[in-house]
Amino acid sequence: MATSAPLRWDRQIQRRLARGEESALGELYDQFAPLVHGLAHRVLSDSDAAEQITREVFSHVWEHPAEFDPAHGSMRSWIGTLTHRRSVERLRREHGLPTGPEQFGEAVEPSSLEEEVLAAATAARVQYVVASLPQVLRETLVLTYFGGRTYQQAAKELGVSAATAKHRMRLGLQLLASALASETTP
Amino acid sequence: MTAAPEPVPEPAYDHELLRGLIGAWALDACPAEEAAQVEHHLAGCPSCAEEANRLRDAAGWLSADEPLDPEPNLRGSVLTRALALRPPQVRVPDYAAAYIAETARLDSLLRDLGELDWLESAELRWHGGTEHRRPAGVLCHLTAVDGVLALALGLPDPSRGSDLVERSDWLRDTSQRRSPEAVRAMWRAQTRAIVEQAALAAAAAGPAAGDVEVDYGAFSIPVRDSFLDRAFECWIHAEDIAEAVGYPYGPPRGVHMRQLIGLAARLLPLALMGLRAAGLASLTSWRDLSYGDPRGPRAVKLIIEGRGESEWLIPLEADAPAPPPDTEPVATLAVDGVEFCFLAAAHRDPDRLPCGITGDRAAARDLLHATRLLSRP
């Protein structure tokens with residue numbers, strides 16, 4: 001799905017971060033702060049906490065640019081994963097919920113300055129697809145992704161078996177992924 | 001940690017079971033132990049790894065509907081913390097700060113423009129007239145003039161020619177068939193390249209990098225001033241676009257406003273010369289005497305109030321020596337910082353600007369009229 005332009009940008013910004021270019025950190029912030037802050041705020045419902053997560057995520061990227069592996073996905077996806085993990089871990093810690101998985105995982109998807117347009121189009125498309133998902137799939141995805149629930153907790157709250165919850169998560173994401181693939185592959 | 005409610009067969013984790021967990025894993029919804037098992041499995045199973053990447057990607061887009069920009073002050077605190085943890089090898093020079101902030105603000109505004117907004121017409125005013133341009137046309141203008149700074153830094157020229165109007169027209173004509181978003185990407189990419197290049201130049205040459213002259217055709221100013229000039233025009237035209245599409249916009253931060261006003265203060269003696277050449281200012285002929293002498297050079301104290309609060313001693317004669325700090329001004333002119341900037345952009349009438357004047361009213365009035373002459377098409 002990833003096109004060459006965003007991958008090139010991802011690699012360039014990674015090289016510049018590694019060289020210690022302050023301007024690269026600024027660009028990264030301007031590009032991804034709405035994503036990082038928005039996602040952290042959505043999960044934690046707390047401005048101070050969201051700002052703290054934002055500081056942590058950008059500090060992490062600035063200190064460890066070599067951790068980003070373009071083979072496993074885009075810069076946007078890596079930063080989104082870092083943000084979601086931290087937000088969910090914090091939520092579970094504060095609410096005494098079991099902690100989630102440790103550091104790992106990236107994905108493939110398009111992004112970069114030049115590709116922001118594509119990102120915006122994709123975002124709009126995703127909203128449409130999410131909105132048209134069957135209700136049971138949508139509520140499962142939203143409860144887990146933004147509510148920070150494990151699949152077992154989600155199952156309990158939704159009154160279904162753990163197997164059903166897992167299945168809905170996988171099916172919902174597969175439907176989303178297919179819609180994204182048809183969006184970005186002409 | 002809660003135990004899985006369903007009976008787990010032996011062996012605990014096989015391919016099918018782990019494959020079934022990929023959706024939950026992509027949502028960070030597995031307990032730590034299961035997540036570790038999934039990840040261990042992914043490392044050795046290409047088909048599961050492929051699905052995991054795909055679903056993780058899809059999950060990432062769930063959060064794509066957050067349109068709100070974070071607090072403007074957050075940027076500073078995020079960068080400060082990161083740079084304290086790992087000092088940068090290549091710092092961004094201070095004189096680029098206002099330009100970075102203003103281009104980022106305009107870019108946020110552009111991100112919110114809808115298809116119809118791009119068809120609106122912005123009114124661009126300068127002291128010699130008014131032009132109407134669509135937002136993409138305004139961006140071509142900004143890109144073409146930013147181009148002279150880009151050139152001075154050794155970057156490629158996005159346009160042609162040395163006259164600023166000619167440069168803007170050329171770029172607008174050749175961009176007619178580009179989409180507004182493509183024009184925006186062109187403008188944004190150059191703003192970033194300019195900052196990156198200026199940082200590299202400053203790292204290599206030190207403060208001297210800011211002294212390199214930027215050729216604007218009719219005049220030239222050093223790189224450090226050019227950054228302020230470009231930040232100023234970016235802000236003003238962002239206001240013009242915001243007005244055209246009916247979006248709210250605000251002035252730059254106070255610390256940046258002070259820098260922008262400082263540039264105007266440095267250029268004012270030249271503008272006063274232009275005002276006199278046009279026969280629009282009270283005539284003076286100073287002799288080689290000190291400030292304070294009735295026949296010597298004169299200065300007006302400009303007092304900026306509100307945002308960008310500061311004081312500037314402006315010599316009324318461009319060829320006179322710089323006034324010493326204890327010079328007794330012939331007049332003081334007190335004006336709001338934002339209003340002063342709008343006047344410098346010819347967005348205000350110098351005769352109707354709310355201001356406080358003491359002393360020589362004609363001298364203060366000359367200064368106001370000269371300020372308006374700082375505007376360019």
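These figures come from a predicted structure and were not determined experimentally. The chains referred to below are lettered A, B, ... by the order of the sequence lines, with proteins before strands, and numbering in each begins at 1.
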Margin query: Here's a test for you: under salt bridge (charged side-chain N to carboxylate O under 4.0 Å, His left out), which of Arg111(B), Arg188(B), Arg105(B) qualifies with Asp30(A)?
Written below: Arg188(B)
Heavy-atom closest pair, residues [X] and [Y]:
X	Y	value
Leu21(B)	Tyr151(A)	CD2-CE2, 3.5 Å
Leu79(B)	Gly26(A)	CD2-CA, 4.2 Å
Met169(A)	Ala29(B)	SD-CB, 4.4 Å
Leu173(A)	Ala58(B)	O-CB, 3.7 Å
Cys30(B)	Arg92(A)	O-NH1, 4.3 Å
Asp28(B)	Val88(A)	O-CG1, 4.2 Å

Within the structure provided, determine whether [X] and [Y] are in side-chain contact (heavy-atom separation under 4.5 Å).
X	Y	value
Leu74(B)	Tyr29(A)	yes
Leu176(A)	Leu62(B)	yes
Glu196(B)	Gln12(A)	no

Say you draw a straight line from [atom1] of [X] to [atom2] of [Y]; how long is it, rounded to the nearest 0.5 Å?
X	Y	atom1	atom2	answer
Arg81(B)	Ser59(A)	CZ	OG	4.0 Å
Arg76(A)	Asp57(B)	CZ	CG	8.5 Å
Leu55(B)	Leu175(A)	CG	CG	10.5 Å
Glu71(B)	Thr54(A)	CD	OG1	11.5 Å

For [X], does the [atom1] atom have more than 12 heavy-atom neighbours from other residues, nucleotides or ligands under 6.0 Å away?
X	atom1	value
Arg253(B)	CZ	no
Glu115(B)	CD	no
His64(A)	NE2	yes

Checklist line | Pairs of heavy atoms under 4.5 Å with chain B: top-ranked of Glu21(A), Gln52(A), His167(A), Arg168(A) | finding: Glu21(A)
Largest heavy-atom contact set with chain A, pairs under 4.5 Å, which of [options]:
options	answer
Arg91(B), Arg19(B), Arg75(B), Gln89(B)	Arg75(B)
Ser77(B), Ala49(B), Ala104(B)	Ser77(B)
Ala203(B), Ala26(B), Gly20(B), Ala199(B)	Gly20(B)
Ile22(B), Leu83(B), Leu200(B), Thr80(B)	Leu83(B)

[X] versus chain B, the contacting section by heavy-atom distance below 4.5 Å:
X	answer
Ala40(A)	neither
Glu56(A)	both
Arg16(A)	side chain

Next item on the list: Look only at the side chain of Glu22(A) and the backbone of Val92(B), and say whether a donor-acceptor pair between them is shorter than 3.5 Å.
Entry: yes
Check: Hey, is the main chain of Trp62(A) close enough, under 3.5 Å, to the side chain of Arg86(B) for a donor-acceptor pair?
Finding: yes
Check: Are Arg170(A) and Glu51(B) ion-paired here, with the side-chain N under 4.0 Å from a carboxylate O?
Finding: yes
